[in-house]
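Notes for the one structure printed next.
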There are 2 protein chains.
Amino acid sequence: MNVGPDIAALGSLIGDPARARMLTALLSGKALTPSELAVEAGVTVQTASFHLGKLAGAGLTQQQKQGRHRYYSLADDDVADVLVAMEGLAAKRGHTRTRTGPKDPDLRKARVCYNHLAGTLGVHMFDSLLARQYLAAEAENLELTDAGRAFVTGLGIDLEPLAKSRRPLCKACLDWSARRTHLAGALGTAFLDRFFALGWAERQSASRVVAFSDNGAARFFSDFPNEAS
Amino acid sequence: MNVGPDIAALGSLIGDPARARMLTALLSGKALTPSELAVEAGVTVQTASFHLGKLAGAGLTQQQKQGRHRYYSLADDDVADVLVAMEGLAAKRGHTRTRTGPKDPDLRKARVCYNHLAGTLGVHMFDSLLARQYLAAEAENLELTDAGRAFVTGLGIDLEPLAKSRRPLCKACLDWSARRTHLAGALGTAFLDRFFALGWAERQSASRVVAFSDNGAARFFSDFPNEAS
DNA sequence: TTCATACTTCGATATTAATCTAAGCATAAA
DNA sequence: TTTATGCTTAGATTAATATCGAAGTATGAA
């Protein structure tokens with residue numbers, strides 16, 4: 001059977017610890033420079049450059065030159081999806097990197113899953129949307145209800161451009177920390193962007209942590225109530 | 001950032017060509033012995049055993065002792081999902097294994113995607129179900145219509161047990177050969193099983209090829225008509 | 001122009017891991 | 001019990017590759 005897609009090459013690319021850390025860092029959705037990624041991966045800049053060459057060559061990342069900086073980001077959503085799927089499986093099998101740092105609890109609370117909110121708060125939001133029947137779920141199929149449309153619009157999100165995009169509006173995403181579903185898709189992205197725009201939260205340096213301010217968290221919980229959680 | 005699921009370990013496991021070939025072979029959904037997998041991977045039985053030890057240790061496969069045979073299969077649907085997702089990404093990036101064998105066209109026509117039908121015929125069936133409004137699709141959400149229920153039942157598939165299972169009934173799957181969506185989920189599995197039961201097609205040796213008989217193919221196209229394709 | 005910064009390429013090294021031969025174990029058949 | 005088959009473990013070898021230091025290139029600042 002020497003036919004078919006070469007998943008070995010893909011696996012091998014992700015299989016190197018340094019590259020895996022880089023890709024994970026890029027799952028923050030931000031474009032990062034080789035030097036930043038080197039720190040993230042715990043290797044020298046030369047080594048990082050070597051790895052980035054491989055990743056770019058395989059089409060997993062794209063780069064943008066800006067002056068003497070070179071910004072690397074994931075090539076597209078497909079790459080992010082595969083990485084998230086792998087994170088989910090790895091977590092399910094209990095294969096977590098053991099060195100738990102101080103950022104661990106923050107990460108579990110609220111983090112970026114490429115372009116939407118994950119972690120405890122992500123799950124909380126998802127549950128709230130379901131409980132208030134803003135979101136209808138049947139099996140894995142998610143749909144925004146009429147009441148949901150009103151709510152989303154009330155939050156200041158314009159649904160028009162989202163509906164026009166080819167991305168699915170609502171998508172379920174399951175990731176590692178809380179083994180629960182949360183909202184991805186165009187709407188998931190719009191929510192997170194809105195939180196940033198409203199000043200409720202901000203991205204933290206090069207990590208995937210989403211830092212909510214006290215005030216922002218209060219607004220979040222008031223807009224997404226859920227007595228169950 | 002030394003926290004989070006260890007996707008490097010997972011990638012590294014899939015990253016070895018021999019292991020990747022084994023896993024791909026197991027995507028046929030069948031349980032295979034180390035000797036069969038060794039042939040599939042193009043290595044000696046000892047090497048295969050070495051690899052299987054790693055895969056099992058990581059929880060990617062499960063084995064069942066039966067006499068002096070040992071049957072290996074994928075641990076669960078989660079593993080299959082990740083592999084299929086990786087196949088999709090690898091194919092999109094044009095990373096296909098170049099040595100095209102004689103089985104290639106057969107594979108593209110009809111093959112097993114873990115437990116449902118993929119390839120040209122899989123896409124054809126999906127399009128037919130959509131065109132006749134047996135299946136309603138909105139973005140990535142799939143739903144079986146009332147007419148669809150009647151059709152499925154008429155084909156001799158009992159929907160009762162499928163509805164009870166925790167697996168989603170309809171799921172969209174995108175895989176490599178035809179870059180098009182086809183039907184996965186409990187219903188996708190039920191369809192394929194039914195084709196085998198009706199004698200329309202049979203599995204081919206240890207490969208993922210689904211071989212339709214002339215008669216079976218005729219029945220297939222008559223039951224799933226689609227002038228468009 | 002000269003210096004500094006960001007990044008890439010080169011060359012050498014060292015570690016890792018896949019592979020095979022050979023031997024050992026377990027089950028089934030004779 | 002003996003023999004054959006299927007599989008695993010052990011040991012040695014080889015090949016791949018991640019890594020770093022050093023040198024080279026490009027852009028921006030002084």
Side-chain angles (χ1 to χ4, degrees), chain A residues 2 6-26 30-58 60-73 95 97 205-206, chain B residues 1-2 6-26 30-73 95 97 205-206:
Chain A
N2 272 314
D6 192 359
I7 61 171
L10 183 56
S12 176
L13 278 167
I14 306 173
D16 178 77
R19 280 194 294 264
R21 282 193 287 263
M22 288 182 180
L23 290 169
T24 305
L26 290 175
K30 287 198 291 191
L32 300 172
T33 64
S35 5
E36 290 171 319
L37 288 166
V39 173
E40 210 64 35
V43 294
T44 62
V45 194
Q46 300 95 300
T47 307
S49 179
F50 163 75
H51 288 308
L52 287 169
K54 290 207 161 187
L55 292 175
L60 295 190
T61 60
Q62 57 182 178
Q63 63 260 44
Q64 208 176 351
K65 238 175 128 174
Q66 212 168 94
R68 53 181 161 180
H69 295 278
R70 219 160 276 203
Y71 288 98
Y72 283 83
S73 54
H95 294 152
R97 283 173 281 168
S205 63
Chain B
M1 295 307 307
N2 272 314
D6 191 0
I7 60 171
L10 183 56
S12 175
L13 279 166
I14 306 174
D16 178 79
R19 280 195 294 265
R21 282 192 287 265
M22 289 182 179
L23 291 169
T24 304
L26 290 175
K30 287 199 289 190
L32 300 171
T33 64
S35 5
E36 291 172 318
L37 288 165
V39 173
E40 211 63 35
V43 293
T44 62
V45 193
Q46 297 92 307
T47 306
S49 178
F50 164 75
H51 288 308
L52 287 169
K54 290 208 163 188
L55 291 174
L60 295 189
T61 59
Q62 58 183 175
Q63 63 262 44
Q64 208 175 353
K65 238 176 127 174
Q66 211 167 96
R68 52 181 162 182
H69 295 278
R70 218 160 274 204
Y71 288 98
Y72 282 84
S73 54
H95 295 152
R97 283 173 280 168
S205 64

Residue [X], side-chain heavy atoms: nucleotide from [options] that is nearest:
X: B:Q46; options: C:dT8, D:dG6, C:dA22; result: C:dA22
X: B:Y72; options: C:dT19, D:dT8, C:dA29; result: D:dT8
X: A:H69; options: C:dA6, C:dT8, C:dA18; result: C:dA6
X: A:H51; options: C:dA18, D:dT9, D:dT19; result: D:dT19
X: B:D16; options: C:dT8, C:dA18, C:dT27; result: C:dA18

Could you tell me the separation between the CZ atom of B:R68 and the OG1 atom of B:T33, rounded to the nearest 0.5 Å?
12.5 Å
Pairwise distance CG(A:L52) to OG1(A:T47) - rounded to 0.5 angstrom:
10.5 Å
[X] has an atom [atom1]; how far is it from atom [atom2] of [N], in whole Å?
X: B:L13; N: C:dA17; atom1: CG; atom2: C1'; result: 12 Å
X: A:L37; N: D:dA18; atom1: CG; atom2: P; result: 16 Å
X: B:L52; N: D:dT8; atom1: CG; atom2: P; result: 7 Å
X: B:I14; N: C:dA17; atom1: CD1; atom2: P; result: 16 Å
X: B:R70; N: C:dA28; atom1: CZ; atom2: C1'; result: 14 Å
X: B:R68; N: D:dA4; atom1: CZ; atom2: P; result: 12 Å
X: B:F50; N: D:dT14; atom1: CZ; atom2: C1'; result: 14 Å
X: B:R21; N: C:dT19; atom1: CZ; atom2: C1'; result: 13 Å

Any side-chain N or O of [X] below 4.0 angstrom from OP1/OP2 of [N]?
X: A:T44; N: D:dC20; answer: yes
X: A:K65; N: D:dT27; answer: yes
X: B:R19; N: C:dA18; answer: yes
X: B:K54; N: C:dA17; answer: no
X: B:T47; N: C:dT19; answer: no

Counting distance only, does the side-chain N/O of A:R19 pair as donor-acceptor with the main-chain N or O of A:H51 below 3.5 Å?
no
Ignoring hydrogens and geometry, is there a side-chain-to-backbone donor-acceptor pair from A:T24 to A:A20 under 3.5 Å?
yes
Within the structure shown, what part of the strands sits under 4.0 Å from B:A18 by heavy-atom distance: base, sugar-phosphate, or nothing?
sugar-phosphate
So which of A:L37, A:L60, A:L55, A:L32 actually passes side-chain contact (heavy atoms from CB on, under 4.5 Å) with A:Y72?
A:L37
